[in-house]
Amino acid sequence: MIKTSGALTPRSHFYWITLVQSSAKPADWKTLLAQLWRIRLFEGHVQRLAAGGEVPGFPHLSTGQEAVAVGVCAHLTQNDVVFTGHRGHGHSLAKGCNLTATMAEILGRDTGLCRGRGGSMHLVDAGCGMLGATGVVAGNLPLAAGAAWAAQARQTGAISVVFFGDGATGAGVFHETLNLAGLWKLPLLLVCENNGYAEFTSRAEHSDVAKVSAFAAPYSIPSATIDGNDLIAVHQSAASAIEHVRRGDGPYLLECMTVRLAGHYVGDQQQYRSKEELAEALKKCPIERLKSYLLSQGVTDDELMAIADQIKQEVQRDVDAARAAAAPDPASFAEGVYASPLLAAGC
Amino acid sequence: MIKTSGALTPRSHFYWITLVQSSAKPADWKTLLAQLWRIRLFEGHVQRLAAGGEVPGFPHLSTGQEAVAVGVCAHLTQNDVVFTGHRGHGHSLAKGCNLTATMAEILGRDTGLCRGRGGSMHLVDAGCGMLGATGVVAGNLPLAAGAAWAAQARQTGAISVVFFGDGATGAGVFHETLNLAGLWKLPLLLVCENNGYAEFTSRAEHSDVAKVSAFAAPYSIPSATIDGNDLIAVHQSAASAIEHVRRGDGPYLLECMTVRLAGHYVGDQQQYRSKEELAEALKKCPIERLKSYLLSQGVTDDELMAIADQIKQEVQRDVDAARAAAAPDPASFAEGVYASPLLAAGC
Amino acid sequence: MAQTFIEILRRALDEEMARDAAVYLLGEDVAEGGAFGVTKGLAAKHGATRVKNTPISEAAITGMATGAALCGLKPILEIMFIDFATLALDCLVNQAAKYRYMSGGQLAVPMVVRTQSGAAGGAAAQHSQSLESWFIHVPGLVVVAPSSPMEAYGLLKSAIRLGDPVLFIEHKRLYAMKEDFVDSAELPTIGKARVAREGSDVTIIAYSAMVRTALEAAETLAGRGISAEVIDLRTLLPLDMATISASVSKTHRAIVAHEAVMSGGVGAEIAARIADELFDELDAPVKRVGCPFVPIPFAPELEKALLPNALSIVQAAQELVR
Amino acid sequence: MAQTFIEILRRALDEEMARDAAVYLLGEDVAEGGAFGVTKGLAAKHGATRVKNTPISEAAITGMATGAALCGLKPILEIMFIDFATLALDCLVNQAAKYRYMSGGQLAVPMVVRTQSGAAGGAAAQHSQSLESWFIHVPGLVVVAPSSPMEAYGLLKSAIRLGDPVLFIEHKRLYAMKEDFVDSAELPTIGKARVAREGSDVTIIAYSAMVRTALEAAETLAGRGISAEVIDLRTLLPLDMATISASVSKTHRAIVAHEAVMSGGVGAEIAARIADELFDELDAPVKRVGCPFVPIPFAPELEKALLPNALSIVQAAQELVR
Ligand SMILES: Cc1ncc(C[n+]2csc(CCOP(=O)(O)OP(=O)(O)O)c2C)c(N)n1
Ligand SMILES: Cc1ncc(C[n+]2csc(CCOP(=O)(O)OP(=O)(O)O)c2C)c(N)n1
Ligand SMILES: [Mg+2]
Ligand SMILES: [Mg+2]
């Protein structure tokens, strides 16, 4: 059964999908494939625009890791909240952020989600439950736990989801958060995207711990390590993880093994990775894998092409709209530090 | 085989004992009992003096937990280093700090280990490898790991030992340190004194994790949970843990289950603990247990009395000496912030 | 009947919890009353779900308070000693303070972080610091440092209702201070200082426990023919320059007194602003009274020698007025 | 041949590692060269045991560097962005800075923490801060902020040999700056400022990247008939008041310029000290140039509008001299 609902926020104009795990059909997977494509194409634009000097800062692409964002967010409602980190474009789009406003933010436009004040690493769209990204690795984890605490305290029924990388497990606050989330039985889904790297340093140099999910064991927090490049696997595992969390049984740690197809940030030459490694990584592309599956299930090449074409046009249109938008008024830089202008005046 | 050596530091005037695990005899245990007593008596003085207003700050007693300090430090050489926390009197004495200078520090005297600048929570005696105590819970853990790293890098053969409470496992830096210690295979022994409390809050409210040693598992760091009030058990487990660490096989986490017989600090009324609980705790006294064992092994009451008397007199004498010492010169408060007086002058 | 700082603070918490179901307390031992007993009885009264003990996880609990504030709670977090705020700074500075701005105004962090600072009785170097000046350097934060029980009562209530993250600093030497509880409909405005004593020869600007010391000094000075005006800042960020300016324009001399070390202290900011904005008003340089640049020593004799006291202020005033 | 800031910094590290076997590097990605390439090639040259990659564990690696410094190493720790020093503050402030004092002089922490700060190119609110003023508030620390490649070279070497914990702040906008490498037997003394340009009408006090901006401003001012002296502080803690005093006693006017927000900034301390110690020398108030009290915004137009530049200094100088 597919339940689709229309625009969730004033800005949102793509379809929201809630798939019931057991009844997912090729038709559903096609819709999710479209989302994978959408993120991939969006970030392709980011990369090209960045190379052309149009993107301030240093954007981090989730290329190759899209299945995690799409597979998890497919189960979330608008009330559920998501926190992400420096590699958060995919999560934002999957959670329902308007594509034009997201791109506009990444380009530093006044029409951006955060009026150009946040940027690629600080995407927020409160209206659709995308509550924030933090550029400080692991800093998002306790924020998400706090959101889960609020949901629990206010009995809203919402859950909180946090996406983070394997490198974040080196940070103490990850462990502090696990302890608290377990202890308070918070409705928190922790999604680790284990891509085997933290910047240029491979996981082997960061940690002796093969599986991030192992960190949940001491706290008796249930966990799983899955193939994060297999959208179907992510979708199904996320369904049961979220069922657990939504039921009030406390947090769940879902580790998604994945690969970063691009550099750490746009411009990273990746000298620390061999050609063989990169070639191997490409084989794991979640989009290619889902396509193969759909083709094997009788979906035709033409159907897929049609979807791709449509997404391509939509994304292009939305990106163009973002690029056409105006930069913020320089004189406005001091707006919005405090609730009260009185406070701001005294500083 | 007991190897005793004389004064290790100019200040030290008690005997240093290295027991070879397998050959420990009642005679050896007697010597260790003397150390337990020594710490107990010392802290009895701290408590009385504090009640009388002679001790600045808020001293934390290790009463009831002495077997951990004594059982572990018995295996350390002067080159090995120890870090402790707010409850560190026992560790300091067991590592070889001069009793008079230790008490003088706790009383804030100029003859104190740190010239009265540190106090109960910041005991340092570099000469005997007591490298420091920190009042910030868990702050000592990475310091100890760093000391272990230096020993490894400089190939001194020394090991580093850190004592901390169960509450410290709530702090992220504990986990960061485990990861690094395992990854770099540091010669670090982590000794957790699990007394079931962090201040007034019981462990159940702090954590769902029953055994602190479980935190070592994800890192494949070997660990054990033992009865920390059984000196013989501590002594034997510490021996094999230290053998592992000294061999260069990396860190080891030794969790010693113990009980705090006193309040969190001197003056704590312990309203959060029932009479029954306290009565139960008293039964676990490590001194009483070792005494029973020795009596069962044919040691006589008289022999034990004689030891006790001697220790009592020695401690009294040393405490009196500490009390008789002068306070620091008030005008000297600014000394010793920087290596160079030039730097200090510019501040 | 006179009540202690701790009792009056507890009353403010109690009343705000009763008034607003979104107010929650969290921190180490808070359900047991906290290390200083401020929250005693609140768990029993308002329920264990609203007064939450936490593990020793300063970073995570600050993050959780922030995240909860984003989602409809008004958390009051207790950080037992300001020395341990060092463990919470990423969240306070990088997240909580910047959320409103970075989100383009979409989200806010209505949270109060209560903490305790200052030296007393041999708490030593890691439990005695006065670190408030770090926070006046962080856009998005508000910093409040009350000087008495009743000041704390009103300011805490105002802070809870403010809507932006507030660091609320209690001085450990004030905890035992007693005052009569006086009911008043009006709460103080965050950002407004108060003239604690009027005078005409010199302005002494202070906050937290140092206000009492300044009042003592003013009394002594009065005996020596010097009329000192004492300003209780109440809020360190934002600074109420209007009140300072009015006073210094009258006295033409100013002293800023605090317990923190002078280098990089709040006094530096205030002195710099007076010296700039009131350059033509000043008959003498702005003097600072504060700790010398040394960690807080343990021994009481050293601690006492180090800490600024009423005499330090009196001497500074006499030099200025001479 | 001219070399970049990064290259010359690397040379200093390389030479000090060759000179002293106790010098070790650690930090995130440092074996890969670090996020900015400063340590590139050093692992290959000096061995992987002396150039250690670490996990993302700012608290632990700072603690480890401190512990190792207590035990005979001279660690150089890289904290990738000063914004993340928030995660290392317990150790830096409560442990490293106080160890010498708290141990009554028994132990020392000869360690350098290299970090990188400042705004450029849309790094946004969490990767652009200038937080140096926090550290001048901490007795026991030393704070160095070089203004050019050759300054960095000498100061880094001096810092490594100092024997106390040094925070060494590199500005990201300086990394590409080029200078000729000039061999010199003498290393700068930590704690001594330098006169970067002589002048007689106004003193501009700056550090880090702002020195270049101040020199630009001085050039512009010269064209307008105002002779500006520029002081490059080099060390923020301790402050070289002698050099400042000599200059201001000559020019009778002072501006302190930095990129950090003004409230609670290093400029406040300097302005307060000048206004006090040189009260009779001043012909005009000490002016501060710095960021307004706002987090660093992402959009380049906003970032640019916010950051102080040469024009900001020129305007301040013209107001003073007018
Ligand atoms: C606390 C902190 N330290 C360092 C950095 C610099 N940094 C940015 S991304 C990154 C690697 C993160 O690795 P991981 O969590 O695995 O995420 P990935 O980039 O692989 O998606 C680092 C070290 C940071 N942003 N925050
Ligand atoms: C970072 C930090 N937070 C809070 C405190 C206050 N505090 C002092 S001791 C203590 C409890 C420590 O419990 P545990 O580690 O189990 O040691 P124990 O006192 O039981 O020996 C707390 C919370 C502190 N010193 N440091
Ligand atoms: Mg990764
Ligand atoms: Mg405990």
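Remember, it's a predicted structure, so these values are computed and weren't measured experimentally. Throughout, protein chains are lettered first and strands after them, A, B, ... in sequence-line order, and every chain is numbered starting at 1.
For the residue pair C/Y99 and A/G132, the shortest heavy atom distance occurs at OH-CA, 3.5 Å. When all heavy atoms of C/A59 and A/V173 are compared, the closest pair comes out as CB-CG2, 3.9 Å. Listed here is the closest heavy atom pair of A/V337 and C/G140: CG1-N, 3.6 Å. The two residues C/D90 and A/G139 come nearest to each other via the heavy atoms OD2-CA, 4.2 Å.
Here A/L143 is the residue among A/L141, A/L143, A/N140 with the most heavy-atom pairs under 4.5 Å with chain C. Counting heavy-atom pairs closer than 4.5 Å to chain A, the top residue among C/L107, C/T235, C/T66 is C/L107. The residue among C/P55, C/G63, C/P165 with the most heavy atom pairs within less than 4.5 Å of chain A is C/G63. Ranked by heavy-atom pairs under 4.5 Å with chain A, the first of C/E58, C/R100, C/K98, C/R50 is C/R100.
In this structure the side chain of A/P142 never reaches within 4.5 angstrom of the side chain of C/T62, judged on heavy atoms. Two residues are said to be in side-chain contact when any heavy atoms from C-beta on lie closer than 4.5 Å; C/C71 and A/L131 meet this criterion. Counting heavy atoms from C-beta outward, A/W184 and C/T54 have side chains that approach closer than 4.5 Å.
A distance-only check finds a donor-acceptor pair linking the side chain of C/Q106 to the backbone of A/L113 [under 3.5 Å]. Put simply, the side chain of C/D164 gets close to the backbone of A/A339: a donor and an acceptor are under 3.5 Å apart. The main-chain N or O of A/T134 is never found under 3.5 Å from a side-chain atom of C/Q95 such that the two would form a donor-acceptor pair.
Residue contact with chain C, scored on non-hydrogen atoms closer than 4.5 Å, is absent for A/F174. Heavy-atom distances place no part of C/E269 under 4.5 Å from chain A, backbone and side chain included. Contacts of C/L87 with chain A are absent, with no heavy-atom separation under 4.5 Å from either backbone or side chain. Interface residue A/E335: only backbone heavy atoms are found under 4.5 Å from chain C. Contacts between A/A144 and chain C at a heavy-atom distance below 4.5 Å are absent for every atom of the residue.
Rounding to the nearest 0.5 Å gives a distance of 11.0 Å between CD1 of C/I61 and OG1 of A/T177. In this structure, OH on A/Y338 lies 9.5 Å from CG on C/L162, to the nearest 0.5 angstrom.
In A/R323, the CZ atom is not crowded: 12 or fewer heavy atoms of neighbouring residues, nucleotides or ligands sit closer than 6.0 Å.
Residues from residues 115-123 of chain A that place a non-hydrogen atom less than 4.5 Å from a non-hydrogen atom of chain C comprise A/R115, A/R117, A/G118, A/H122, given in numerical order.
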